[in-house]
Protein chains: 2
Amino acid sequence: MPAPARKAAHRSVARSARARPLRKSPQARKSVERTVDLGGLNEHLGYFIRRVQVWVFQDFIRVLRIVDISPAQYSVLLVIDANPGLSQAELARTLGIERARMVRVLHRLDRRGLTRRLRSSADGRAHSLRLTQKGQETLRRAATLAQTHEARLIERLGAEPYKAMRTILREFRSMP
Amino acid sequence: MPAPARKAAHRSVARSARARPLRKSPQARKSVERTVDLGGLNEHLGYFIRRVQVWVFQDFIRVLRIVDISPAQYSVLLVIDANPGLSQAELARTLGIERARMVRVLHRLDRRGLTRRLRSSADGRAHSLRLTQKGQETLRRAATLAQTHEARLIERLGAEPYKAMRTILREFRSMP
DNA sequence: TATTGTTATACTCTATAACTATA
DNA sequence: TATAGTTATAGAGTATAACAATA
């Protein structure tokens, strides 16, 4: 359910300190550039959650570019793989993606030959979702790359903080 | 730098268990609806980070609807307030928002009379950003509401996990 | 009546390229 | 040559409403 990004762009905050003449103007404005104060933002966890989340998506997209699978597509493939035959509505509710949005996501995966939509035998309205052979192969390749991404996240957060966040957030997920 | 949402929509995963006849079809498909397996997604912290982040934005937007301030706008107001006179480029880099995107954000805040863009005396190219009187008042009201949101997040995560994540993520932020 | 898949509309956000005016 | 502000464009995501077929 993410917002893919094409390229790593955002960097901000900590810019690589580059040596420069550093003119002594009244406020020495230029030298301040690297130390902008976040102000009250420091008191909002949501801001920092957003920053990590953006980093995660950018890294994920970069690492999985070879297979051209976005975070949203990856989540869809994994859930179909784990629940063959489930419907679009079930899938959408599970991942928190709008039903209307899911239609396009699946259209695209179908066009690429990664998924199939069969008429459900139990419910005439519903589609029964499956991965194709190619879909399973692509998922396998994607999963390997996704592990690389995960390793980078662990390295970046530190093993202990990573485990701590895992415990905390998997709990959060199941809440009402 | 967020993606505002109009209304709380996403719910998914844990649906309020509703009593139902529960027909005993071969796979009892319907009863499965509430227990769709996330599969390999369980091994990706990024997925859970994304879910909390979405919750945070939705809650923030809902709580601050009275003042009509989005997460992105709020972050912009806070940073300008803490660094009066900074330029658009500095602001954009600090928050990880594209320079081009920042133009529109500030246009809108200017139109609402919350911010001002003055010509910088030090650099003829740059704008010197300030909050107006109205901007400061709006920020004050927004900050009060944002504290309400923060309290909800703490309640939702638990005080200890909240503090733990705060420590972890504020560290993450300053990394290269 | 409610749900499923679908189409359509409006808006936000990201990424990119290009232009101008300054430095 | 590089940077600041700007405009424009393409694509993805979100929120909503509405519709036909089916339950």
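Order of the sequence lines sets the chain letters (A, B, ...), proteins ahead of strands, with each chain counted from 1.
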Under 3.5 Å, N/O pairs linking protein and nucleotides 6-8 of chain C:
residue: C:dT6; atom: OP2; partner: A:Q88; partner atom: OE1; Å: 2.9
residue: C:dT6; atom: OP2; partner: A:Q88; partner atom: NE2; Å: 3.1
residue: C:dT6; atom: OP2; partner: A:R117; partner atom: NH1; Å: 2.9

Extract from the structure each pairing of a protein N or O with an N or O of nucleotides 21-23 of chain D at less than 3.5 Å, listing the distance.
residue: D:dA23; atom: OP1; partner: A:G124; partner atom: N; Å: 2.7

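Residues A:L45 and B:I154 share a single hydrophobic cluster, defined by chaining ILVMFWY side chains whose heavy atoms lie under 4.5 Å apart. Both A:L77 and A:V67 are assigned to one and the same hydrophobic cluster, defined by single-linkage of ILVMFWY side chains at heavy-atom distances under 4.5 Å.
A salt bridge is defined here as a Lys NZ or Arg NE, NH1 or NH2 lying under 4.0 Å from an Asp or Glu carboxylate O, and B:R117 with B:D110 meets this definition.
Per the geometry, CG belonging to B:L118 stands 16 Å off C1' belonging to D:dA4, to the nearest Å. Straight-line distance from the CD atom of A:Q58 to the P atom of C:dC13: 16 Å, rounded to whole Å. For B:Q73 and C:dC13, the CD to P distance is 8 Å, given to the nearest whole Å. At whole-Å resolution of the value, CE in B:M102 and C1' in C:dC13 are 13 Å apart. Between the CD atom of A:E98 and the P atom of C:dT12 there is a distance of 17 Å, given to the nearest Å. Atom CD1 in B:I97 sits roughly 7 Å away from atom P in C:dT14 (whole-Å rounding). The distance between atom CG of A:L91 and atom C1' of C:dT4, rounded to the nearest whole Å, is 13 Å. To the nearest angstrom, C1' of C:dT12 lies 13 Å from CG of B:D68.
A donor-acceptor contact shorter than 3.5 Å links the side chain of A:K134 to the backbone of A:R112.
A cation-pi arrangement is absent between B:R166 and A:F48, since the terminal nitrogen or guanidinium carbon is not both under 6.0 Å from the aromatic centre and inside a 45° cone about the axis.
Ring orientation note: the planes of B:H149 and B:F60 are nearly perpendicular, at an angle over 60° on the 30°/60° scale.
Listed by chain and number, the residues in a salt bridge (Lys or Arg N to Asp or Glu O under 4.0 Å) with B:R152 are B:D59 (sequence neighbours excluded).
Between A:Y47 and the choices A:R50, A:R51, A:H44, the side-chain hydrogen bond (donor to acceptor under 3.5 Å, both in side chains) rule is met once, by A:R51. Results of the side-chain hydrogen bond (donor to acceptor under 3.5 Å, both in side chains) test with A:D123 over A:R125, A:H127, A:R119 single out A:R125 as the only residue that passes.
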